[in-house]
Amino acid sequence: MSHSISSSIPMRTLRAVSQLRDSLQPARQAGLTVGLVPTMGALHEGHLSLIRRARERCDVVVVSLFVNPAQFDERADLDRYPRTEREDARLAERAGADILFAPAAEDVYPAGFASCVEVLGITDRLEGAVRGAAHFRGVTTVVTKLFNMAQPDVAFFGQKDAQQALVIKRLVEDLNMPVAIEVCPTVRERDGLAMSSRNAHLLPGERTRATGLFEALEASKRLSREGERRADTLVAAAREALARADIEPEYVALVDPDTLEPVERLQGPALLAISARVGDTRLIDNAILEPSHQEISISRTGASPAKAPA
Ligand code: PAF
């Protein structure tokens with residue numbers, strides 16, 4: 001339980017790292033915990049759930065808002081990324097933030113900036129394979145900078161970006177960063193679409209089709225619950241659901257949740273990850289599939305569940 005110091009004090013928006021450090025110093029000296037929710041703005045319920053969780057767990061809640069140019073693989077994507085700082089500030093404050101840290105690009109990447117932080121291996125796959133090595137290098141570099149700037153005790157990330165969360169956990173562990181990473185559940189619209197700042201770009205017809213990603217995850221989950229363990233069958237079920245929504249995926253992959261290596265059979269929890277373009281908008285989503293205790297066997301009356309071999 002946190003000892004919130006914020007309930008009556010209005011949220012402050014800070015731009016300079018020195019201001020952020022000065023503001024956090026008294027809390028740190030008093031032994032209070034600092035939670036950081038890194039965002040690129042365009043806040044939605046997914047972000048707000050992270051802020052609320054940070055509010056529950058930490059004494060001081062910092063939300064960073066920085067559209068990080070280094071992690072965009074396409075200039076057009078960066079240019080059209082929604083920038084809604086005033087509304088973001090209102091939402092962040094209502095969700096319980098004490099400080100909105102919104103630095104300028106020139107302060108994060110001043111002239112002569114020449115360093116980067118890179119996690120190898122797990123960044124080559126899935127999103128890394130589609131978006132190129134620069135994407136995760138951009139994420140890990142800016143997250144390292146934000147951690148150094150705010151020096152949080154805990155930082156909060158969403159499970160929707162499962163690979164990003166894994167990469168950041170690896171980064172923190174490999175570089176002995178003194179920050180705990182909490183990964184919070186994906187927040188969904190009523191029809192299942194995962195909340196994302198990019199959903200705002202979907203045209204009405206595309207918005208309807210976009211639920212195909214969730215339906216694909218559900219189709220595969222259903223099969224796994226019925227006892228199916230073959231990865232290719234589980235992936236095929238997801239692909240069929242995407243095709244029904246007229247969505248051509250960039251990838252549908254069933255992978256080990258720690259290494260992101262493809263799995264052939266569902267023997268423990270596995271991450272089913274999907275990326276697809278719906279119109280001009282790239283969407284990602286994922287689910288953890290668990291092997292059920294039953295495997296499909298064919299009886300005279302058709303497919304029926306039977307006990308899995310030990
Ligand atoms: O998930 C995001 O919004 C961004 O990748 C992050 C973690 C804020 C880094 O820019």
Side-chain angles (χ1 to χ4, degrees), residues 17 20 35-51 53-54 61-74 77-85 87-89 91-92 95 97 99-105 107-109 113 115-119 122-123 126-128 130-150 152 154-172 175 177 179-187 194-201 273 275 281-286:
V17 179
L20 178 66
L36 174 68
V37 181
T39 82
M40 297 205 296
L43 301 187
H44 50 66
E45 265 308 311
H47 298 113
L48 302 184
S49 72
L50 302 181
I51 301 172
R53 176 63 190 140
V61 176
V62 180
V63 174
S64 67
L65 191 172
F66 178 63
V67 183
N68 175 32
Q71 72 187 77
F72 283 81
D73 36 311
E74 289 173 19
D77 197 21
L78 170 63
D79 289 344
R80 76 175 189 149
Y81 201 84
R83 286 162 175 84
T84 53
E85 183 180 318
E87 177 63 359
D88 290 342
L91 293 172
I99 295 176
L100 183 71
F101 176 56
D107 291 335
V108 178
Y109 298 115
F113 183 88
S115 304
C116 69
V117 182
E118 191 165 15
V119 171
I122 50 172
T123 52
L126 307 178
E127 286 301 281
V130 175
R131 305 186 68 170
H135 168 65
F136 281 119
R137 196 160 56 229
V139 172
T140 43
T141 300
V142 85
V143 167
T144 302
K145 287 193 64 121
L146 291 168
F147 285 177
N148 286 335
M149 290 167 177
V154 192
F156 298 82
F157 295 88
Q159 171 66 18
K160 187 187 76 83
D161 296 299
Q163 188 177 10
Q164 171 174 279
L166 186 69
V167 167
I168 289 165
K169 279 187 182 167
R170 185 80 270 152
L171 168 79
V172 161
L175 300 186
M177 294 178 171
V179 49
I181 302 300
E182 181 167 333
V183 182
C184 302
T186 302
V187 179
M195 299 247 179
S196 162
S197 307
R198 293 199 161 83
N199 294 351
H201 298 312
S275 147
T281 307
R282 255 196 106 236
L283 299 176
I284 58 173
D285 203 349
N286 67 78

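Start at 1 and go down the list; that is how both ligands and their atoms are numbered.
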(request) Anything under 30° is parallel, anything over 60° is perpendicular, the rest tilted; go ahead and classify H47 against H44. (result)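 Ring orientation, 0 to 90° scale: tilted.
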(message) Is there a side-chain contact (heavy atoms from CB on, under 4.5 Å) between F72 and D79? Walk through the geometry before answering.
(response) CA-CA 10 Å; F72 283 81; D79 289 344; over 6 Å; no
(message) Counting only heavy atoms, tell me which of M40, Q71, K145, H135 gets closest to atom 9 (C) of ligand 1.
(response)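 The residue whose heavy atom sits nearest atom 9 (C) of ligand 1 is Q71.
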(request) Enumerate the atoms of ligand 1 whose separation from the nearest heavy atom of P38 is less than 4.0 angstrom. (result) 8 (C)
(request) Number the atoms of ligand 1 from 1 as they appear, then name those within less than 4.0 Å of a heavy atom of V142, with their elements. (result)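 Once the distances to V142 are compared, the set is 9 (C), 10 (O).
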(request) Identify the protein heavy atom lying closest to atom 7 (C) of ligand 1, giving its residue, its atom name and the separation to 0.1 Å. (result) Q164 NE2, 3.5 Å
(message) Testing the basics here: between V183 and A165, what is the closest heavy-atom pair and its distance to 0.1 Å?
(response)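 Looks like CG2-CB, 3.8 Å.
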(message) Less than 4.0 angstrom from a charged side-chain N to a carboxylate O is my criterion; do E127 and R282 meet it?
(response)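 Yes, charged N to carboxylate O under 4.0 Å.
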(request) Answer side chain, backbone, both or neither: which part of T39 comes under 4.0 Å from ligand 1, heavy atoms only. (result)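 The backbone, only.
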(request) Drop me the distance from L48's CG to M195's CE, to the nearest 0.5 angstrom. (result)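 It is 9.0 Å, given to the nearest 0.5 Å.
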